[in-house]
Amino acid sequence: MLKPQVHQSKSSQTLFLRKPFFHGRARSASFPVWSRPSFQPEIKYRNIKATSSSSSDNSSTPTTTTKTTTTTTRITTTPIPDPTTPTPPTATTTTIVTTEVVTKKFISVKATLTVTLTVGGFLSHIGLARGLDDITDLLGQSLLLELVSAELDPKTGEEKEKVAGYAHRSRRQEGEIIYETDFKVPVDFGEIGAILVENEHRKEMFLKEIVVDGLPCGSVHHSCNSWIHSKYDNPAKRVFFTNKSYLPSQTPSGLAKLREEELVTLRGNGQGERKSFERIYDYDVYNDLGDPDKNLRLERPVLGGKEFPYPRRCRTGRLPCDTGSLYEKRSRKHWYVPRDEAFSEVKQLTFSAKTLYSVMHALVPSLEIAIADTDLGFKYFTAIDSLFHEGIQLPPFKEQGVLKALLPRLVKVMSSGDDVLRFVPPETMNRDKFFWFRDDEFARQTLAGLNPYSIKLVTEWPLKSELDPEIYGPPESAITKEIIEQEIRGFATITEAIEEKKLFILDYHDLFLPYVSKVRKLEGTTLYGSRTLFFLTPEGTLRPLVIELTRPPMDGKPQWKQVFQPAWNATDVWLWRLAKAHVLAHDSGYHQLVSHWLRTHCATEPYIIATNRQLSVMHPIYRLLHPHFRYTMEINSLARESLINAGGIIETSFSPKKYSLELCSVVYGKEWRFDQEALPADLIRRGMAVEDPTAPHGLRLTIEDYPFANDGLLLWDAIKQWVTDYVNHYYPDSSIVQTDQELQAWWTEIKTVGHADKKDEPWWPELNTPEDLMGIITTMVWVASGHHAAVNFGQYAYAGYFPSRPTIARTNMPTEDPSEEDWKNFVRKPDSALLQCFPTQIQATTIMAVLDILSNHSPDEEYIGEKMEQAWAEEPVIKAAFERFKGRLLALERTIDDRNASSELKNRNGAGVVPYELLKPFSQPGVTGKGVPYSISI
């Protein structure tokens with residue numbers, strides 16, 4: 001109860017009585033009421049004692065509430081004694097009765113909250129906290145909600161009173177719990193702009209959505225899809241804005257402060273170790289790939305900085321290593337990602353957060369016991385085939401059935417109870433058991449395989465290295481004009497082939513050559529610089545011409561280089577096959593480290609961090625990008641934990657081994673450019689297309705039947721048109737782009753912080769016009785969807801039979817400084833030389849298991865254009881644009897089917913040829929070799 005204020009003057013007494021007014025379920029005094037008492041004679045007062053009591057009688061109708069309040073105030077006054085008067089003065093009491101009638105109109109509204117049942121959340125947790133949470137539900141105090149008006153009070157200019165209420169558990173439906181609460185909202189409250197939520201439980205909960213019904217404007221939706229921390233972990237309330245999008249300048253006055261405060265919360269203060277329930281986005285370098293505290297041999301350089309430029313990752317704030325402050329300790333527990341970036345539980349069950357970890361820490365040790373010799377290769381090709389038929393019997397695990405649960409597609413339980421690792425034959429192997437042996441398939445996969453990003457047009461002759469000849473030897477290639485013209489005689493001269501754009505190259509010479517000496521000091525691997533040339537035939541297919549392998553001067557020996565060609569004698573045929581194995585190992589490493597990891601996963605993480613730090617969830621660009629960033633930070637964290645870390649799967653199974661990520665950094669520094677990550681720009685850069693305004697997509701392809709480019713450009717155009725429609729709706733002119741403070745801060749942070757090592761490059765696009773924004777967003781969306789799908793979901797199909805794409809070459813070519821005995825062994829049994837060059841049994845089976853996991857679509861996969869975001873659906877212009885986008889994607893599906901059925905397109909149709917479906921937008925769950933998810937989700 002508020003005490004009445006008493007104001008006394010010599011001429012009169014005026015009492016200002018402030019009365020409390022109850023706003024919905026929240027209490028606060030909101031306006032003053034005053035009354036003037038009858039005249040009292042002027043008396044000198046020594047002190048005043050005031051007491052107040054009140055009673056009220058409330059009556060209401062569905063839309064009106066009347067409050068009648070009677071207040072009785074008694075004021076006792078004691079005159080100051082007069083020393084000349086013997087009789088003490090008598091105290092007098094004045095009674096003031098004030099009656100106030102206030103009529104206030106309200107609207108009765110209902111809020112319905114949908115909470116998803118989760119394994120780790122409060123709804124299924126067993127224990128003391130679970131019991132306390134049950135009591136909280138029983139008392140009807142599960143979730144505290146506060147409605148926030150979108151408008152400021154026009155009288156005070158301050159935020160309006162929030163309307164508060166507790167939600168109670170109402171009912172359970174399939175996989176969800178429904179909570180409800182009723183509010184009485186003043187009619188002058190204005191639009192509901194946001195809802196504050198406090199979780200009264202002791203466990204987090206996953207809030208799917210809040211719907212408020214009963215408002216004059218209709219239902220108001222708040223798409224949440226977020227984990228709500230317990231107030232016992234963090235007392236700060238969560239804020240959820242409505243699905244209506246606002247540019248910063250358009251933000252309703254009542255939400256402007258809340259909008260900025262939420263961004264400040266998400267940025268954090270850059271201090272301390274992050275806790276699992278937090279939602280803080282910040283940057284750090286890759287200083288957690290090594291583990292020097294465990295073993296100094298596991299020390300790796302920090303990626304990010306002048307020496308090893310690299311994109312930034314999410315900061316976790318873990319303590320520095322004991323062996324050096326440059327490195328961050330590797331957690332033995334779950335690695336931090338902002339809470340809402342974590343996998344859904346459906347995905348956890350299909351691609352468990354522990355699956356890759358389990359492959360490394362459960363399957364690999366089991367294989368090491370089963371195989372015994374970790375350096376043992378395959379003695380016969382039939383032993384490779386047996387992986388798909390008999391499998392490998394695994395030793396008993398601690399708990400029976402664990403490996404089966406982790407890898408249900410691969411691990412079978414025999415009648416004896418033993419686990420057997422048995423691989424599913426990939427589609428390539430099903431269609432043609434010998435596909436991997438054919439030169440035409442070797443060439444075809446550069447256009448329609450797992451890594452269609454490396455093939456380039458040859459534009460200059462002769463081929464020449466740009467490396468320092470003092471260190472790496474003569475720069476001239478051993479591939480001469482005579483060698484090439486011998487291979488293409490009857491078709492063209494070397495000059496004609498280059499002029500007619502018929503000569504193409506896989507060039508890993510200058511990239512790998514500086515690492516040859518380092519890698520060869522490691523056990524169980526070798527490396528060359530390589531060049532492979534292809535000729536475009538009249539049929540539109542590629543024919544391999546030559547392979548050049550180079551070793552730089554080292555160990556007192558001069559530079560060694562040799563050219564290998566398809567041949568018609570037994571010895572040269574097998575040398576050609578061995579040279580192909582080396583090139584395929586190079587291409588596999590480049591694919592995994594650069595085309596896949598660097599250009600999609602790694603380069604995208606700074607976009608995600610900046611988007612959450614600088615763009616409010618109300619921002620239309622945030623809402624456009626959000627589905628394209630789903631799960632990427634979580635999968636990247638798992639990659640740092642088990643894939644790209646020191647001693648991880650990449651280092652143990654790919655040719656560069658411990659130098660893999662260092663080499664990746666070199667590529668980032670020399671080759672990565674944001675402006676060339678757009679598909680058309682990438683094709684032009686590699687000479688695979690030229691600009692042509694009269695051609696479809698504005699490009700003319702150098703190779704007409706280039707399945708990746710043909711399908712990719714259709715997908716690119718569909719994305720570009722969708723982004724164009726979206727951006728034009730919110731940014732009709734350039735001035736809005738230029739004055740959007742959040743948008744400009746977002747782009748600046750990506751360039752100068754997220755990709756800090758590239759901040760001074762001149763090629764960064766400007767952000768001044770809607771067209772600039774369209775280009776930037778289209779590139780980001782393409783990388784997260786089409787680019788990633790093209791290099792990821794075909795991994796098991798094309799590399800599941802590992803001789804097709806060996807990840808490592810373990811032995812040198814037989815012609816490089818051979819001993820007499822080595823050469824005799826090669827001539828006597830050349831297939832054994834090839835098998836010895838291939839990965840070991842443990843390397844091969846580990847990679848095959850990992851590729852199966854990475855090629856898998858989870859049941860909750862969200863494919864591009866399949867599902868409309870709620871915020872898009874509520875804006876008619878955007879909804880219509882999305883429907884057109886979806887229509888284009890459905891048309892793309894039909895076009896791809898038609899192309900695969902055409903016998904004229906020999907790079908995607910033919911005997912034993914796997915149709916090119918990697919850019920078909922939609923798919924069923926599982927390992928399907930098709931489907932383009934919105935995001936880099938695996």
Side-chain angles (χ1 to χ4, degrees), residues 297 300-301 303 307-308 451 454 463-479 505-533 546-564 575-576 578-594 598 646 650-671 805-819 822 833-834 836-840 843:
R297 288 181 296 179
R300 298 292 182 268
L303 303 185
E307 185 177 5
F308 296 106
N451 183 30
S454 286
L463 302 176
K464 191 173 181 180
S465 172
E466 295 180 359
L467 298 175
D468 185 349
E470 294 294 322
I471 300 174
Y472 301 105
E476 293 78 17
S477 170
I479 304 173
I505 188 170
L506 282 181
D507 190 352
Y508 298 125
H509 185 276
D510 284 11
L511 174 61
F512 285 166
L513 201 63
Y515 281 86
V516 169
S517 178
K518 296 178 182 179
V519 168
R520 288 193 174 199
K521 289 181 171 64
L522 306 175
E523 292 183 4
T525 187
T526 190
L527 193 63
Y528 293 99
S530 68
R531 297 185 180 102
T532 307
L533 290 181
V546 295
I547 293 172
E548 179 187 27
L549 300 179
T550 305
R551 180 202 69 198
M554 57 179 288
D555 301 331
K557 300 176 182 178
Q559 182 194 69
W560 176 91
K561 62 178 70 170
Q562 186 172 346
V563 176
F564 303 90
L575 287 174
W576 170 252
L578 278 162
K580 274 202 307 183
H582 282 274
V583 169
L584 287 166
H586 300 168
D587 193 61
S588 293
Y590 187 90
H591 158 260
Q592 205 65 265
L593 292 168
V594 179
L598 174 65
I650 295 294
E651 283 199 1
T652 56
S653 303
F654 284 76
S655 286
K657 287 211 165 182
K658 66 178 285 187
Y659 298 104
S660 294
L661 269 292
E662 185 177 320
L663 191 147
C664 183
S665 166
V666 170
V667 176
Y668 176 73
K670 291 183 176 180
E671 297 183 8
R805 291 186 64 82
T807 59
I808 190 171
R810 296 189 296 137
T811 59
N812 296 338
M813 289 295 293
T815 54
E816 183 195 340
D817 304 328
S819 66
D822 288 341
L834 183 58
Q836 289 169 11
C837 186
F838 281 162
T840 65
Q843 287 172 333

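Values in this document were obtained by computation on a predicted structure and should not be read as measured data.
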Engineer: Please test Tyr668 against Val594 for side-chain contact (heavy atoms from CB on, under 4.5 Å), starting from the C-alpha separation and ending with a verdict.
Structural biologist: CA-CA 8 Å; Tyr668 176 73; Val594 179; over 6 Å; no
Engineer: Less than 4.5 Å apart, any side-chain heavy atom of Leu661 and any of Leu593?
Structural biologist: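 In short, these two side chains touch, coming nearer than 4.5 Å.
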Engineer: Atom OG1 of Thr525 and atom NZ of Lys658: how far apart are they, to the nearest 0.5 Å?
Structural biologist: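 Reported to 0.5 Å precision, the distance equals 13.0 Å.
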Engineer: With a 3.5 Å cut-off and no angle check, do the side chains of Glu651 and Tyr659 form a donor-acceptor pair?
Structural biologist: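 No donor-acceptor contact under 3.5 Å links the two side chains.
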Engineer: Indicate yes or no: at least one non-hydrogen side-chain atom of Met554 is less than 4.5 angstrom from one of Arg520.
Structural biologist: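 Met554 reaches Arg520 side chain to side chain.
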Engineer: If you measure from CG on Leu527 to CG on Leu513, what distance do you get to the nearest 0.5 Å?
Structural biologist: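 Answer rounded to 0.5 Å: 8.5 Å.
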Engineer: May I ask you to test the Lys518-Glu662 pair for a side-chain heavy-atom distance under 4.5 Å?
Structural biologist: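 The answer is yes, as the side chains (C-beta and beyond) meet within the 4.5 Å cut-off.
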Engineer: Leu533 vs Leu463, test: side-chain contact (heavy atoms from CB on, under 4.5 Å). Steps then yes/no.
Structural biologist: CA-CA 11 Å; Leu533 290 181; Leu463 302 176; 4.2 Å; yes
Engineer: The test is side-chain contact (heavy atoms from CB on, under 4.5 Å); show your working for Leu511 and Val667 and say whether it passes.
Structural biologist: CA-CA 8 Å; Leu511 174 61; Val667 176; 3.4 Å; yes
Engineer: Would Tyr508 and Asp587 count as a side-chain hydrogen bond (donor to acceptor under 3.5 Å, both in side chains) if you check the C-alpha gap in whole Å, the side-chain angles of each, and the deciding distance to 0.1 Å?
Structural biologist: CA-CA 8 Å; Tyr508 298 125; Asp587 193 61; 2.5 Å; yes
Engineer: Which atoms form the tightest heavy-atom contact between Gly529 and Val516, and what is the distance?
Structural biologist: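 Where Gly529 meets Val516 most closely, the heavy atoms are N-CG2, 4.0 Å.
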Engineer: Would the distance check show the side chain of Asp555 and the main-chain N or O of Lys557 forming a donor-acceptor pair, the cut-off being under 3.5 Å?
Structural biologist: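 The answer is no, because no donor-acceptor pair under 3.5 Å joins these two groups.
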Engineer: side-chain contact (heavy atoms from CB on, under 4.5 Å), that's the test. Do Arg805 and Asn451 meet it? Break it down for me.
Structural biologist: CA-CA 11 Å; Arg805 291 186 64 82; Asn451 183 30; 4.2 Å; yes
Engineer: Let me confirm one number: the CD-CG distance from Gln836 to Leu578, rounded to the nearest 0.5 Å.
Structural biologist: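 Reported to 0.5 Å precision, the distance equals 10.0 Å.
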Engineer: Does any non-hydrogen side-chain atom of Gln843 lie less than 4.5 Å from one of Thr807?
Structural biologist: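 Of all side-chain heavy-atom pairs linking Gln843 with Thr807, none is under 4.5 Å.
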Engineer: To the nearest 0.5 angstrom, please state how far the SG atom of Cys837 sits from the CG atom of Leu584.
Structural biologist: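 Going from the SG atom of Cys837 to the CG atom of Leu584 covers 10.0 Å.
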Engineer: Using modelled atom types only, decide if a donor and an acceptor are shared between the side chain of Lys561 and the backbone of Ile479 within a distance under 3.5 Å.
Structural biologist: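 Answer holds: no.
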Engineer: How many angstroms lie between OH in Tyr515 and CG in Leu522, if you round to the nearest 0.5 Å?
Structural biologist: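 Spacing of OH (Tyr515) from CG (Leu522) equals 12.5 Å.
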Engineer: Test salt bridge (charged side-chain N to carboxylate O under 4.0 Å, His left out) on Arg551 and Asp817 and set out the steps.
Structural biologist: CA-CA 11 Å; Arg551 180 202 69 198; Asp817 304 328; 2.7 Å; yes
Engineer: Considering all heavy atoms of both residues, which atom of Asp507 and which atom of Asp510 are nearest to each other, and what is their separation?
Structural biologist: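 Closest pair (atom of Asp507, atom of Asp510, distance): OD1-N, 4.4 Å.
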Engineer: For a quick check under 3.5 Å, do Thr550 and Tyr472 share a side-chain donor-acceptor pair by atom type?
Structural biologist: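 Checked: Thr550/Tyr472 side chains show no N/O donor-acceptor pair below 3.5 Å.
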Engineer: How are the rings of His582 and Tyr528 set to each other: parallel, tilted or perpendicular (split at 30° and 60°)?
Structural biologist: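 Perpendicular, since the angle between the ring planes exceeds 60°.
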Engineer: Can you check side-chain hydrogen bond (donor to acceptor under 3.5 Å, both in side chains) on Ser530 and Glu548, steps first, answer last?
Structural biologist: CA-CA 5 Å; Ser530 68; Glu548 179 187 27; over 6 Å; no
Engineer: Flag the pair Ser465 / His509 as yes when at least one side-chain heavy-atom distance between them is below 4.5 Å, and no otherwise.
Structural biologist: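 Yes, side chains in contact.
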Engineer: A side-chain contact here means heavy atoms from C-beta on lying under 4.5 Å apart; do Thr815 and Trp560 qualify?
Structural biologist: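 With C-beta onward as the side chain, the pair touches.
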Engineer: Counting distance only, does the side-chain N/O of Ser653 pair as donor-acceptor with the main-chain N or O of Ile650 below 3.5 Å?
Structural biologist: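 Here the side-chain-to-backbone pair does not exist.
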Engineer: On a heavy-atom basis, which atom in Ala809 and which in Ser655 lie closest, and how many Å separate them?
Structural biologist: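 Heavy atoms of Ala809 and Ser655 come nearest at N-OG, 3.2 Å.
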Engineer: Looking at CZ of Phe654 and CD1 of Ile808, how far apart are the two atoms once the value is rounded to the nearest 0.5 Å?
Structural biologist: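 That separation rounds to 9.5 Å.
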Engineer: Locate the shortest heavy-atom distance separating Pro839 from Pro806; write the atom from each residue and the value.
Structural biologist: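 Pro839 and Pro806 have their closest heavy atoms at CD-CB, 3.9 Å.
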Engineer: If you define the side chain from C-beta out and look only at heavy atoms, does anything of Gln592 sit under 4.5 Å from Cys664?
Structural biologist: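 Contact flag for Gln592/Cys664 side chains = no.
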Engineer: Compare all side-chain heavy atoms of Pro469 with those of Pro475 and state whether any distance is below 4.5 angstrom.
Structural biologist: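 SC-SC contact between Pro469 and Pro475 confirmed.
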Engineer: Going by salt bridge (Lys or Arg N to Asp or Glu O under 4.0 Å), name the pairs with one or both residues in residues 464-474, residues two or more places apart or in two chains.
Structural biologist: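 Counting only pairs at least two positions apart or across chains, no salt bridge (Lys or Arg N to Asp or Glu O under 4.0 Å) contact touches residues 464-474.
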Engineer: For Arg810 versus Gly524, what's the shortest heavy-atom pair and its separation?
Structural biologist: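 Looks like CG-O, 3.4 Å.
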